[in-house]
Amino acid sequence: MDPADKERLRQRFSRSLKKYVGHDEQKQRKIASRHRRAEQSDQGPRRRGDWSEDDETFEKIPKSAGSGAVTRQNHLDPDLPRATVVAVHHGRVALDTGEQARIAPHLALDPTLRLAVGDEVAVSSQSGQSRVEGIVERRSRLSRPDPGNPNHELVIAANVDVAVVVVSVSNPPLHVGLIDRCLVALDRGGVEPLICVNKVDLLEGPVDREQLQQKMAVYRDLSIPVLLCSTATGDSMGELRQQLQGKTSVLVGHSGVGKSSILNTIDPAGERQTGDVRDHDGKGRHTTSSSSLRSLGDGTRIIDTPGVRSFGLWQMDARELQASFPEFDTDGDRCRFSNCSHLQEPDCAVREAAERGKLSKTRYESYLRILESL
Ligand code: GDP
Ligand code: ZN
């Protein structure tokens, strides 16, 4: 690693350390806060001026205490060197330094501290054997419910800057609802989206293209970059590579939209298999089911993970969902009830705006569909 990179890592680490709250400290704060709440409930509603400094800090601790919030028995010795997890195997991880490292028992035994590809870790070394001792707090994550315990969050990629949401104009057909669902999940995980509409070579002509542009305008209005691309003709491939420059990214989207083809175009050395949605024996064509992080040089990194096809939204309430539809904001403020779900409520300003075409009808429909599924 070159000295500039090392310095950057050190600075990033010391910043995360400032935010880090140890297990014991957290427990103390929780107990203190419970006491305060009990006292306050005797004294009637709390006024804003009553908030103490300590309270404020407590409020900032992430609400989801799943594996996203890295706390608990997580020893982060500032003197230990850092590395990035590029692959997770049973009982050990591969690091970007080329080392294979074991996982310290205090991490391995805690189901909320499972390592994910992209994690930044503190590594100790004893008689030539490396061991992961702690995880630096994640700045973003993609996750799904843990199959072993659906109430637990399973992080499938950590510290991702950009997720490329890949859809195709046809084969499989374009469903904007899927884009909206992805955007909510990404927003929740703190990952910036970029939309790639692939296979534009299959468009019939300028009319098709114009219709597609109109469909995508709503996302551009939300300041989300949209690229119309084709791995067959190379359309927008250079621009995509540029957008991912120096960042850690991941491609998300349904099977068959062209994710492997796109990755092979921007990272030819990766040699991924491409093919149709399913092979003849119906088992799918992917021989590998594990994730990996690849460095393309110049700081550009791509996480290849089969898990991102099924990352989702769970344990989310209507409030959180609305936060991922920022365009509802202005109208939402005018709703009759401050806790309006924008569903059936009389005089709902959001529903009216969608009916009048002031808000995108498809986005509003996506919102309703997601709300229903939660
Ligand atoms: P993945 O499942 O998302 O990884 O999709 P693949 O990369 O395996 O591609 C699925 C199929 O779509 C393959 O048969 C590819 O050859 C084809 N494909 C990929 N990109 C394009 C494109 O830009 N245009 C056309 N016409 N076909 C494409
Ligand atoms: Zn409303």
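Given the structure is predicted, the values throughout are model-derived calculations rather than measurements. We count ligands from 1, going down the list as the structure has it; atoms in each ligand are counted the same way. Computed over heavy atoms, backbone and side chain alike; hydrogens, waters and symmetry mates excluded.
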Give the atoms of ligand 1, by number and element, whose distance to some non-hydrogen atom of [X] is under 4.0 Å.
X    : result
H254 : 3 (O)
S230 : 23 (O)
S255 : 2 (O)
D201 : 22 (C), 23 (O), 24 (N), 25 (C), 26 (N)
L202 : 26 (N)
K259 : 1 (P), 3 (O), 4 (O), 5 (O), 7 (O)

- Item | Full working for side chain to side chain contact (heavy atoms under 4.5 Å, CB included) between K259 and D304 | CA-CA 10 Å; K259 295 182 298 298; D304 206 349; over 6 Å; no
- Message: How close do D161 and V191 get, counting heavy atoms only, and between which atoms?
- Response: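 Between these two residues, the closest heavy atoms are O-CG1, 3.9 Å.
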- Can you name the nearest heavy-atom pair linking S230 to T233, along with the distance? OG-N, 3.0 Å
- Item | Steps toward salt bridge (charged side-chain N to carboxylate O under 4.0 Å, His left out) verdict (E153, R141) | CA-CA 11 Å; E153 182 182 22; R141 64 187 188 272; 2.8 Å; yes
- Is a side-chain donor or acceptor of D119 paired with a backbone partner of V121 at a separation under 3.5 angstrom? no
- Task: Report the C-alpha separation of D146 and R114 in whole Å, then their side-chain angles, then the decisive distance to 0.1 Å, and conclude whether the salt bridge (charged side-chain N to carboxylate O under 4.0 Å, His left out) test is met.
- Result: CA-CA 11 Å; D146 184 344; R114 255 187 289 180; 2.3 Å; yes
- Message: I'd like to check Y364 versus E327 (side-chain heavy atoms, cut-off strictly below 4.5 Å). Are they in contact?
- Response: no
- Quick one: look at N198 and ligand 1, take heavy-atom pairs under 4.0 Å, and tell me if it's side chain, backbone, both or neither. side chain
- Where the Zn ion (ligand 2) is the corner point, what angle links ND1 of H342 with SG of C335, to 10°? 100°
- Message: Using a plain distance cutoff, I'd like to know if G256 has any nitrogen or oxygen under 3.5 Å from a nitrogen or oxygen of ligand 1.
- Response: yes
